[in-house]
Amino acid sequence: MTEEWKSIPGFEGLYEASSLGRIRSVLAHPKGRTPALHVLTPSLHANGYLNVGLRRNGRRKVIGVHRLVCAAFHGAPAPGQEARHRDNDPSNNVPSNLCWGTHAENVQDAVEAGNHFSMNRDRTHCRRNHAFTEENTYRNAGRRICRTCSRDKARRWRASQNDTTNKEQS
Ligand SMILES: [Zn+2]
């Protein structure tokens, strides 16, 4: 699958989002620290979302990757709109998994996931059998997310990103 890059409304000429849910800078860093077309490494927020820090007009702002991909592929949101994950996996940021909706709809998604797929709400262990202890649980609008699985996912994600980066350089 070819990775398609699109400019992000509000960040034109600065950052782009891809069909694989990645974000890259289009401009080289003014102090030469990072080259142009440098793919950003997101941080995993405690609620399971991936965030990146973007610079605009000399200021740094931390924004959810899902918002940026959704804006690039589905257009800028109306005020107050949130990016919804159709499969309820907050780290799955491919455009087909994202759409704009209201905060109420976003909460409803989580509630339905809890009811229909039993998104771990009443479970003592995740699908891979890690215990939902206090330390191992992210809570996100009614969802329970396994920290161990999230960390593994982030690690695999970073590894796949390094592979791609190396390929691009070679
Ligand atoms: Zn787990």
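Heavy-atom basis, side chains included; hydrogens, waters and symmetry copies ignored. Numbering of ligands and ligand atoms starts at 1, following listing order. The residues of the chain are indexed from 1 along the displayed sequence. Only a predicted model underlies this, so the values are computations on that prediction, with no experimental measurement involved.
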Novice: Can you give me the SG-the Zn ion (ligand 1)-SG angle for Cys126 and Cys149, to 10°?
Specialist: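 The two atoms subtend 110° at the Zn ion (ligand 1).
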Novice: Does any donor atom in the side chain of Glu3 or Ser18 lie under 3.5 Å from an acceptor atom in the other side chain?
Specialist: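 Yes, because at least one side-chain N or O of Glu3 sits under 3.5 Å from a partner of the opposite role on Ser18.
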Novice: Would the distance check show the side chain of Asn92 and the main-chain N or O of His85 forming a donor-acceptor pair, the cut-off being under 3.5 Å?
Specialist: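 Here the side-chain-to-backbone pair does not exist.
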Novice: Is any N, O or S atom of Cys146 under 2.8 Å away from the Zn ion (ligand 1)?
Specialist: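 Yes, since at least one N, O or S atom of Cys146 sits under 2.8 Å from the Zn ion (ligand 1).
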Novice: Determine all donor-acceptor pairs shorter than 3.5 Å in which one atom belongs to a side chain in residues 58-80; sequence neighbours excluded.
Specialist:
residue: Arg67; atom: NH1; partner: Gln81; partner atom: O; Å: 3.0
residue: His74; atom: NE2; partner: Pro95; partner atom: O; Å: 2.8
residue: His74; atom: NE2; partner: Leu98; partner atom: O; Å: 3.1

Novice: Treating Asn97 as the side-chain partner and Asp87 as the backbone partner, does any N or O pair qualify as donor plus acceptor under 3.5 Å?
Specialist: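 The answer is yes, because a donor-acceptor pair under 3.5 Å joins these two groups.
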Novice: For the Zn ion (ligand 1), give me the closest N/O/S atom belonging to His130, just the atom name.
Specialist: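 Distance check against the Zn ion (ligand 1) picks out ND1 in His130.
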